[in-house]
S.K.: 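My structure is below; once you've seen it, I'll send some questions.
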Amino acid sequence: MMDVGFIGLGTMGSRIAANLVKAGFSVRVWNRSRAAIDELARVGARPVESAREAFSGDAVISMLADDDAIREVIVPLLDDAPKGLVHVNMSTIAVASARDLATQHTARQLAYVAAPVFGRPELAAVGKLNVVVAGDSTAIARVEPLLDVIGERVWRMGDKPERANVVKLAGNFMLGAAVEAMAEASAMAWRHGIAPADLLDVLTNGVFTSPAYKTYGALIAKEHYDPAGFRLSLLLKDLRLALAAADSNAVPMPLADVVHEALLDAVAHGDGDRDVAALAKVAMRRAGREVAQGVQT
Ligand code: NAP
């Protein structure tokens, strides 16, 4: 059985790692804060004391928050990593960083596979993510048994890792646009006396029946923003990355600008750690709900 390291036991990583343990893999786990390591140890993972100890064996999966975390935690490990190790990076990072990381790995005879995922923690917990994978095909073949446990489907995007990140960022831009569309529609309907829950019931069971609309529509309808399944500040990061990828190749994305600005508004009002569905608060505030509530009380 493959010996696997896992770095980054946040909302997504903890569930993915637990799932690999359940599937019978031997998983060495490391996280910056200790509590998550202890929790994984309780379900059968092998705790290690440093990221370096996790970055070894046949393969290592990283699921850190962003580019900064990868630079801080992973890059210093590359020089001493065992040659031939396959690093599967599932974090949503910049297209340019994925390209850089691939070069840095190759120079040290390490394999870099980009495998960002679609799906919230509930799906991660049951191995039903959509995994978008790109990188050297031999390296991907070696980690396929892991990807098959993690994902309901594994989508191959070719041998350049950054291609998977392009797809992921395009997808998260669309997710942000979907949530923003429901937020604005809910605000307009609310102003006309229609409860967002009633509006979204019609729409997400009628013409907008995809998982993205249904999942976030239900959260908006219930104003269920805590605890965050997908933190709003992480989606803001993704919109920044999508806009950077667009900018580098001179692609206007005006809708992405709108979503980016709404996310900034949410963060400025203290909602960065709440769920992405809290975009509805921004649209409601702009439609005067707080003023209306103030008048009533
Ligand atoms: P999260 O709950 O915030 O977890 C982030 C992880 O990164 C934690 O393990 C955290 O460690 C670690 N980390 C952050 N900065 C670090 C640093 N400077 N040094 C060391 N460790 C650091 O995020 P998440 O929801 O699991 O998301 C992880 C990645 O998956 C992100 O790139 C996100 O965009 C992507 N993603 C998320 C979802 C979703 O629905 N949540 C879906 C698909 C993809 P601590 O525990 O010590 O803070």
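Just so you know, ligand 1 is whichever comes first in the structure, and atom 1 is the first atom listed for that ligand. Numbering of residues begins at 1 and proceeds along the displayed sequence.
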S.K.: Heavy atoms only: which of Asp238, Ile16, Asn89, Thr11 lies closest to atom 2 (O) of ligand 1?
M.R.: Thr11
S.K.: In ligand 1, which numbered atoms sit nearer than 4.0 Å to a non-hydrogen atom of Pro121?
M.R.: 40 (O)
S.K.: Provide the number and element of each atom of ligand 1 under 4.0 Å from a heavy atom of Ser33.
M.R.: 45 (P), 46 (O), 47 (O)
S.K.: Is there a polar contact between ligand 1 and Gly10, counting only N or O atoms under 3.5 Å apart?
M.R.: yes
S.K.: Going by atom types alone, do Arg71 and Ser97 pair a side-chain donor with an acceptor below 3.5 Å?
M.R.: no
S.K.: Among Leu241, Asn172, Val73, Ile70, which one has a heavy atom closest to atom 19 (N) of ligand 1?
M.R.: Val73
S.K.: Do Ser50 and Arg52 have a side chain donor and acceptor closer than 3.5 Å?
M.R.: no
S.K.: Against ligand 1, does Ala36 come closer than 4.0 Å with any heavy atom?
M.R.: no
S.K.: If you look only at pairs with a residue in residues 178-194, which of them pass as a side chain to side chain donor-acceptor pair (under 3.5 Å), with sequence neighbours excluded?
M.R.: none
S.K.: Compute the shortest N/O to N/O distance between Phe118 and ligand 1 and return yes if it is under 3.5 Å, no if not.
M.R.: no
S.K.: Mark up the atoms of ligand 1 that fall under 4.0 Å of a heavy atom belonging to Glu72, in ascending order.
M.R.: 18 (N), 19 (N)
S.K.: Distance to 0.1 Å, residue and atom name: give those for the protein heavy atom nearest to atom 35 (C) of ligand 1.
M.R.: Thr92 OG1, 3.5 Å
S.K.: Could you tell me whether a side-chain N or O of Arg28 sits under 3.5 Å from a main-chain N or O of Ser56, the two making a donor and an acceptor?
M.R.: yes
S.K.: Phe118 and side chain to side chain contact (heavy atoms under 4.5 Å, CB included): which single residue from Leu129, Val132, Leu123 fits?
M.R.: Val132
S.K.: Regarding ligand 1, does Arg120 bring an N or O atom to under 3.5 Å of one of the ligand's N or O atoms?
M.R.: no
S.K.: What is the minimum heavy-atom distance between Trp30 and Ala54, and which atoms define it?
M.R.: CB-CB, 4.0 Å
S.K.: Can you tell me which residue and heavy atom of the protein come closest to atom 32 (O) of ligand 1, and the distance to 0.1 Å?
M.R.: Ala65 O, 2.7 Å
S.K.: Report yes or no: does a heavy atom of Leu9 sit under 4.0 Å from some atom of ligand 1?
M.R.: yes
S.K.: Shared ILVMFWY cluster between Val143 and Ile7, side chains joined below 4.5 angstrom?
M.R.: yes
S.K.: What part of Leu234, side chain from CB on, backbone N/CA/C/O, both or neither, has a heavy atom under 4.0 Å from ligand 1?
M.R.: side chain
S.K.: Distance to 0.1 Å, residue and atom name: give those for the protein heavy atom nearest to atom 26 (O) of ligand 1.
M.R.: Met12 N, 2.8 Å
S.K.: If the cut-off is 4.0 Å to any non-hydrogen atom of Gly8, which atoms of ligand 1 fall inside it?
M.R.: 9 (O)
S.K.: When the side chains of residues 144-155 are checked against the rest of the protein, which donor-acceptor pairs come out under 3.5 Å, sequence neighbours left out?
M.R.:
unit_1, atom_1, unit_2, atom_2, d
Glu144, OE2, Arg156, NH2, 2.9
Trp155, NE1, Asn130, OD1, 2.7

S.K.: With a 3.5 Å cut-off and no angle check, do the side chains of Asp238 and Thr92 form a donor-acceptor pair?
M.R.: no
S.K.: Parallel, tilted or perpendicular: which describes the rings of Tyr213 and Phe208, with under 30° parallel and over 60° perpendicular?
M.R.: tilted
S.K.: Is Lys237 in contact with ligand 1, taking contact as a heavy-atom separation below 4.0 Å?
M.R.: yes
S.K.: Which is closest to atom 46 (O) of ligand 1 in terms of heavy atoms, Thr215, Ile7, Asn31?
M.R.: Asn31
S.K.: Heavy atom to atom 22 (C) of ligand 1, shortest distance: which of Arg32, Arg15, Arg231 holds it?
M.R.: Arg32
S.K.: Between Phe25 and Asn19, is a side-chain contact (heavy atoms from CB on, under 4.5 Å) present by the stated rule, with each step listed?
M.R.: CA-CA 9 Å; Phe25 288 98; Asn19 218 15; over 6 Å; no
S.K.: Give the residue, atom name and distance (to 0.1 Å) of the protein heavy atom nearest atom 28 (C) of ligand 1.
M.R.: Leu64 O, 3.8 Å
S.K.: Ignoring hydrogens, what is the shortest heavy-atom contact between Thr204 and Gly217? Give both atom names and the distance.
M.R.: CG2-CA, 4.4 Å
S.K.: Just which atoms of ligand 1 are under 4.0 Å from any heavy atom in Val117?
M.R.: 43 (C), 44 (C)
S.K.: Checking side-chain polar atoms at under 3.5 Å, does Thr215 have a donor or acceptor matched by the opposite partner on Arg120?
M.R.: no
S.K.: Is the ring pair His105/Tyr112 parallel, tilted or perpendicular, if the boundaries are 30 and 60 degrees?
M.R.: tilted
S.K.: Which of the atoms of ligand 1 are close to Gly119, meaning less than 4.0 Å from one of its heavy atoms?
M.R.: 40 (O), 42 (C), 43 (C)
S.K.: Please could you name the atoms of ligand 1 that Gly229 approaches to less than 4.0 Å, counting only its heavy atoms?
M.R.: 39 (C), 40 (O), 41 (N)
S.K.: Does Ala35 have a heavy atom less than 4.0 Å from any atom of ligand 1?
M.R.: no
S.K.: N/O to N/O below 3.5 Å, does that happen between Met63 and ligand 1?
M.R.: no
S.K.: Which residue supplies the protein heavy atom nearest to atom 40 (O) of ligand 1, what is that atom called, and how far is it?
M.R.: Phe230 CB, 3.3 Å
